[in-house]
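Notes follow the structure.
All of these numbers come straight from a predicted model, not from anything done at the bench. A note on names: the letters A, B, ... follow the listed sequences, proteins ahead of strands, and every chain is numbered from 1.
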There are 2 protein chains.
Amino acid sequence: MNKPVTLKDIARETGVHVSTVSRALDPNARTSLTREVVERIRSTAERMGYRPNRLASSLRTKRTMSIGLMIPDIENTLFPPIVRGAESVLEPAGYTSIIVNTDSDRKREAKLVDVLLERGVDGIIHAAPYLSDPRMIEVARRGLPMVTVNRQIENSEIPSVVNDDPGGIAMMLRYLHEHGHRHIAHIAGPKNLSTGRARIEAFKATAKELHLDLPDEALVVSNYFDEQEGRRCTRQLLESGTEFTAILCANDRLALGAFDALRQHGLSCPDDISVTGYNGIPFLDLIPPGLTTIQIPQFDIGRIGAELLIKMMTDPDATIPRTTILPVKLVERGSVKRIDPA
Amino acid sequence: MNKPVTLKDIARETGVHVSTVSRALDPNARTSLTREVVERIRSTAERMGYRPNRLASSLRTKRTMSIGLMIPDIENTLFPPIVRGAESVLEPAGYTSIIVNTDSDRKREAKLVDVLLERGVDGIIHAAPYLSDPRMIEVARRGLPMVTVNRQIENSEIPSVVNDDPGGIAMMLRYLHEHGHRHIAHIAGPKNLSTGRARIEAFKATAKELHLDLPDEALVVSNYFDEQEGRRCTRQLLESGTEFTAILCANDRLALGAFDALRQHGLSCPDDISVTGYNGIPFLDLIPPGLTTIQIPQFDIGRIGAELLIKMMTDPDATIPRTTILPVKLVERGSVKRIDPA
DNA sequence: AGTATTTGTGCAATCGATTGCGTGATTTCT
DNA sequence: AGAAATCACGCAATCGATTGCACAAATACT
């Protein structure tokens, strides 16, 4: 491994001082140097194959040009698009990201934040914090630029980029209503997540608006956003004896679990029970009967989150919107049947 | 943002020299110091909340404890499990990984390698190199520890971890044969990828072994491993007029595309045509009729790749197997029908 | 007891780039 | 033409941790 070319090497080669070389190669400082000198340095740097050592630079400037990207699990298809969205702006801006999987485990989250801090990240994008997350709030308070995307932390000043949960849920509930459904159950998300809470509240509010009958048993709360909980909650609905013709699920994976549980109970979707999801994860069009869902702009959530973070990192005094709400849209597939209102 | 505690601060506080502090905190060098001194330093370090500055350390030691993880696209469900597998060993070992998406674009790949090099990664795991990849070979030659996983580069000494492509394809072809199929088409992967080539060769070899009739038209080569190409190739097969009762696809996404194209042509899978895939990506069990496929151990591929890389990074003289081949298994679902041999 | 060896720390250079300050040379101004 | 201002670049400190070498004190040896 031949040792890399350093500023010193170029300085020796061109007969100038290393500080001059440094300035010649810095687009911002280049102003006060002679055109020729800059050109001479630039060309020999190129010729010698100079690659700046970011470590040395970072040590001096206190900026690593890297950020931390915290997600629950990269295997959850909801997150890769967010990651790509974020990188679509980070990479061109010269930032590199360290992705960590928290597995939605507070202990891991705390440990991984330390890892990121130790690595000197310039900022953090947290894609799925808890509603109450004192550790992250503390880190942000200390002055580390941070944005949360997809979910948000309550009682904090941390800017967040989320989709329009209330609007999306209302849209979906109205859609079911328009399709004749009057008895609609809801499988809600975990209460300790902002998405879980926002969606259940929107559901209740819209149900009231539409004058829907909403018995307590028609509303079950899941512990995790996954298929297994979707199955469990669906079973619970079925066994409670409450009457319903549709289930509005707080996310797609719960809905996929519902598909499964209904099938196991010998019920057909959408003929017996209609089901709807939320998020719009991939492959949904390939899974029968095709989940009607709310498509959230995952890529844009990541993209805008990264844009905000860069703004915060480069201009500490910039005014950053506390919450950025992105519009969603309803994607019709086959899981909702039009019925005659009872 | 209160400034971090440094060795110098601890030195001042405890009245010793910073080099002593450094040694006291280094588990390896701690030997030659007095128990008490070490203890005193350790405790005040703890009390002051000392966090080592990895940048400074790396600058001096030339080790960043970070590695580059190159994948085509994190949105492709094949890769997240590989990533998790790799991180399952990297993280506990104190390594952090920088994930880059090449989009299977040579220009991007070249650029991203430079980014990684500039960041001073200690090694690289490349999850999908081209068969011929001089740039990566050159980087490896220069002395940077590197392993390729999932695919491999030909004519290079770079260790790779791959699944048993020949075995898997042979297994699948035999399976179709046992189910009565005698006219079997193959949608092959791109020729410039090791997986594409290995699989087509295995297909031909096994077909010969089984004395299958294999006209040229029954074998079409895709340009990319994706659904669109699967559709195109299937259409081509259908329009060529060649006779076949099953299509063995070189990967799952091609097979998913085949599902689609068959449907568009009014054909049913598996009643009219059987289809098989390769890889075992998620959600396959939810997509009708359920793709029968070869499950590759993605997580283990990542895990073992990372283990090899760590070995290479920590002991340059270690003997590393040139190729590590992992076993695969056949997963039966509903896309293959048993028929009477014509 | 006197010399040789070991032990525990300190000193200072180093990794590579950045940057405030200084200075000689050139240009501009009166 | 002489003073002032500007310009182009060099000097040296700095970021924080690591490490070979030096050296004094303590211990072991003959």
[X] has an atom [atom1]; how far is it from atom [atom2] of [N], in whole Å?
X	N	atom1	atom2	answer
Ile10(A)	dG16(C)	CD1	P	12 Å
Glu36(A)	dC9(D)	CD	C1'	13 Å
Leu7(B)	dT19(D)	CG	C1'	13 Å
Lys8(B)	dA13(D)	NZ	P	13 Å
Arg35(B)	dT7(C)	CZ	P	15 Å
Asp26(A)	dC9(D)	CG	P	15 Å
Arg23(A)	dC7(D)	CZ	P	15 Å
Asp9(B)	dG16(D)	CG	P	8 Å

Restricting both atoms to N or O, compile the protein contacts to nucleotides 24-27 of chain C shorter than 3.5 Å, with distance only.
none

Would you call [X] and [Y] a salt bridge, using N to O less than 4.0 angstrom?
X	Y	result
Glu138(B)	Arg141(B)	no
Glu109(A)	Arg106(A)	no
Glu307(A)	Arg303(A)	yes

Of all heavy-atom pairs between Thr314(A) and Tyr95(A), which one has the smallest distance, and what is that distance? CG2-OH, 4.1 Å
Using a cut-off of strictly less than 4.0 Å, decide whether [X] has a side-chain nitrogen or oxygen near OP1 or OP2 of [N].
X	N	result
Lys62(A)	dT18(C)	no
Ser19(A)	dG10(D)	no
Ser22(A)	dA17(C)	no

Could you identify which residues of residues 49-58 of chain A place a heavy atom less than 4.0 Å from some atom of DNA chain C, listed by residue number, or say none? Tyr50(A), Pro52(A), Asn53(A), Ala56(A), Ser57(A)
Need to verify one output field. Residue with the more 5' nearest nucleotide on DNA chain C, Thr61(B) or His17(B)? His17(B)
Heavy-atom nearest nucleotide on DNA chain C for Val18(A) versus Val21(B): which residue maps closer to 5'? Val21(B)
So which nucleotide from dG8(C), dG16(C), dG10(D) ends up closest to the side chain of Thr20(A)? dG10(D)
Please determine, for the side chain of Arg60(A), which listed nucleotide (dT14(C), dG10(D), dA13(D)) has the closest atom? dA13(D)
When rounded to the nearest 0.5 angstrom, what is the spacing between [atom1] in [X] and [atom2] in [Y]?
X	Y	atom1	atom2	result
Arg135(B)	Ile153(B)	CZ	CD1	12.0 Å
Ser97(A)	Ile67(A)	OG	CD1	5.0 Å
Asp122(A)	Ile310(A)	CG	CD1	10.5 Å

Criterion salt bridge (charged side-chain N to carboxylate O under 4.0 Å, His left out) against Arg108(A), the qualifying member of Asp114(A), Asp103(A), Asp73(A): Asp103(A)
With side chains defined as the heavy atoms from C-beta onward, is the minimum distance between Asn101(B) and Glu91(A) less than 4.5 Å? no
Check: Gly120(B) main-chain N/O paired with Thr64(B) side-chain donor or acceptor under 3.5 Å: yes
